[in-house]
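Working notes for the structure below.
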Amino acid sequence: MNHGTVNEIREALSRLPSLGRSELRAEWQRLYGTDAPFRLGRELLIGAIAWRLQENMLGGLRPELRRRLRHVAEQARQGGQVGPAAPRLKPGTRLIREWQGRTHEVVVGENGFLWQQTHYRSLSKIARAITGTPWSGPVFFGLKPRTVARRGAGVDADASI
């Protein structure tokens with residue numbers, strides 16, 4: 001990003017609070033191509049305009065995040081439950097889990113995980129090695145909530161524990 005872009009953004013953002021409601025609505029129209037929602041408060045109007053200005057000058061959300069947001073919106077529209085996305089793990093992150101009185105530490109690497117001086121490509125393989133049973137690695141290490149199938153009523157459904 002060049003210095004001129006930073007100054008342009010700074011100037012555009014600094015003038016927003018001084019604009020009247022009709023000027024803010026005109027700016028919304030220019031940036032979004034539609035009328036601003038009538039009941040949108042001044043602070044939200046300014047915030048949305050500021051977001052769009054920065055998005056236009058600096059670039060928007062990454063495509064993968066756009067896809068995730070579209071998916072979440074579709075789930076919500078259909079009345080489905082929307083859960084949090086699994087966190088992204090950076091190399092060097094340490095995952096610690098106690099299992100049957102013993103503490104296990106896994107280090108996240110560039111291309112997998114290190115546990116007891118052995119490289120693994122998946123957390124689930126480590127969880128299986130620790131427990132001796134099939135486990136979801138992200139669930140075992142607390143990165144995702146555990147779900148179980150409920151029995152009864154003839155239909156299986158997930159329920160968070």
Side-chain angles (χ1 to χ4, degrees), residues 1-97 104-115 119-127 135-150 156-161:
M1 172 172 44
N2 67 34
H3 192 61
T5 304
V6 171
N7 286 336
E8 289 172 35
I9 293 171
R10 196 173 285 135
E11 182 182 320
L13 295 177
S14 67
R15 71 180 177 82
L16 289 178
S18 66
L19 298 179
R21 187 151 179 82
S22 62
E23 294 167 306
L24 288 169
R25 293 180 65 75
E27 186 70 359
W28 176 288
Q29 174 69 40
R30 184 182 73 77
L31 292 168
Y32 286 94
T34 184
D35 290 336
F38 182 73
R39 294 186 178 191
L40 194 63
R42 179 178 168 74
E43 293 304 313
L44 282 177
L45 198 57
I46 289 172
I49 291 170
W51 167 263
R52 183 54 66 101
L53 285 169
Q54 292 173 85
E55 179 184 37
N56 289 347
M57 290 182 185
L58 302 174
L61 300 173
R62 293 185 316 271
E64 70 184 60
L65 183 52
R66 283 183 181 271
R67 280 191 297 276
R68 171 74 180 138
L69 289 172
R70 272 198 288 291
H71 176 73
V72 167
E74 185 59 32
Q75 282 182 307
R77 250 192 305 280
Q78 295 175 359
Q81 188 152 6
V82 179
R88 299 213 185 274
L89 301 174
K90 294 181 181 178
T93 300
R94 296 181 185 283
L95 304 173
I96 299 174
R97 172 66 148 88
H104 299 272
E105 182 176 307
V106 173
V107 179
V108 178
E110 290 288 339
N111 298 310
F113 307 92
L114 185 65
W115 175 64
H119 181 267
Y120 292 83
R121 294 192 55 77
S122 95
L123 279 176
S124 296
K125 296 227 187 245
I126 297 170
W135 266 86
S136 159
V139 170
F140 181 77
F141 285 98
L143 302 173
K144 281 177 55 177
R146 182 177 179 192
T147 59
V148 295
R150 277 192 272 169
D156 285 343
D158 282 345
S160 292
I161 295 181

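Along the sequence shown, residues are numbered consecutively beginning with 1.
At most 12 non-hydrogen atoms from other residues, nucleotides or ligands lie less than 6.0 angstrom from CD of E110. In R62, the CZ atom is not crowded: 12 or fewer heavy atoms of neighbouring residues, nucleotides or ligands sit closer than 6.0 Å.
Here the shortest heavy-atom pairing between A127 and G137 reads CB-CA, 4.1 Å. For the pair N111 and H119, the tightest heavy-atom approach, listed with the atom from each and the gap, is O-NE2, 3.1 Å.
Distance CG/L13 to CE/M57: 7.5 Å, rounded to 0.5 Å. Atom CG of residue L89 and atom CZ of residue F141 lie 10.5 Å apart, to the nearest 0.5 angstrom. Taking CD of E64 as the start and CG of L69 as the end, the distance is 10.5 Å to the nearest 0.5 Å. Separation of atoms CG (L24) and CG (L16) is listed at 6.5 Å; rounding is to 0.5 Å. Atom CZ of R97 is separated from atom CD1 of I126 by 13.0 Å, given to the nearest 0.5 angstrom.
Remark: Q78 engages E74 in a side chain to side chain donor-acceptor pair (under 3.5 Å) (not counting sequence neighbours). Under the side chain to side chain donor-acceptor pair (under 3.5 Å) criterion, R67 pairs with no residue, sequence neighbours left out. Annotation: side chain to side chain donor-acceptor pair (under 3.5 Å) contacts of Q54 (sequence neighbours excluded): none. Qualifying salt bridge (charged side-chain N to carboxylate O under 4.0 Å, His left out) partners for R52, counting only residues two or more places apart in sequence or in other chains: E55. In this structure R30 satisfies the salt bridge (charged side-chain N to carboxylate O under 4.0 Å, His left out) test together with E27, sequence neighbours excluded. For F140, the ring-ring contact (aromatic ring centres under 6.0 Å, His included) partners at least two apart in sequence or on another chain are W99, W135. Listed by chain and residue number, E105 satisfy the side chain to side chain donor-acceptor pair (under 3.5 Å) test with R94 (two or more places apart in sequence, or in another chain).
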Stepwise side-chain contact (heavy atoms from CB on, under 4.5 Å) check, D35 with Q29: CA-CA 5 Å; D35 290 336; Q29 174 69 40; 2.9 Å; yes
Side-chain donor-acceptor distances from residues 38-51 under 3.5 Å, at least two apart:
unit_1	atom_1	unit_2	atom_2	d
R42	NH1	L19	O	2.9
R42	NH2	P17	O	2.5
R42	NH2	L19	O	3.1

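Screening residues 6-31 for ring-ring contact (aromatic ring centres under 6.0 Å, His included), with sequence neighbours left out, gives W28-Y32.
Between L53 and I9, the closest side-chain pair of non-hydrogen atoms is not below 4.5 Å.
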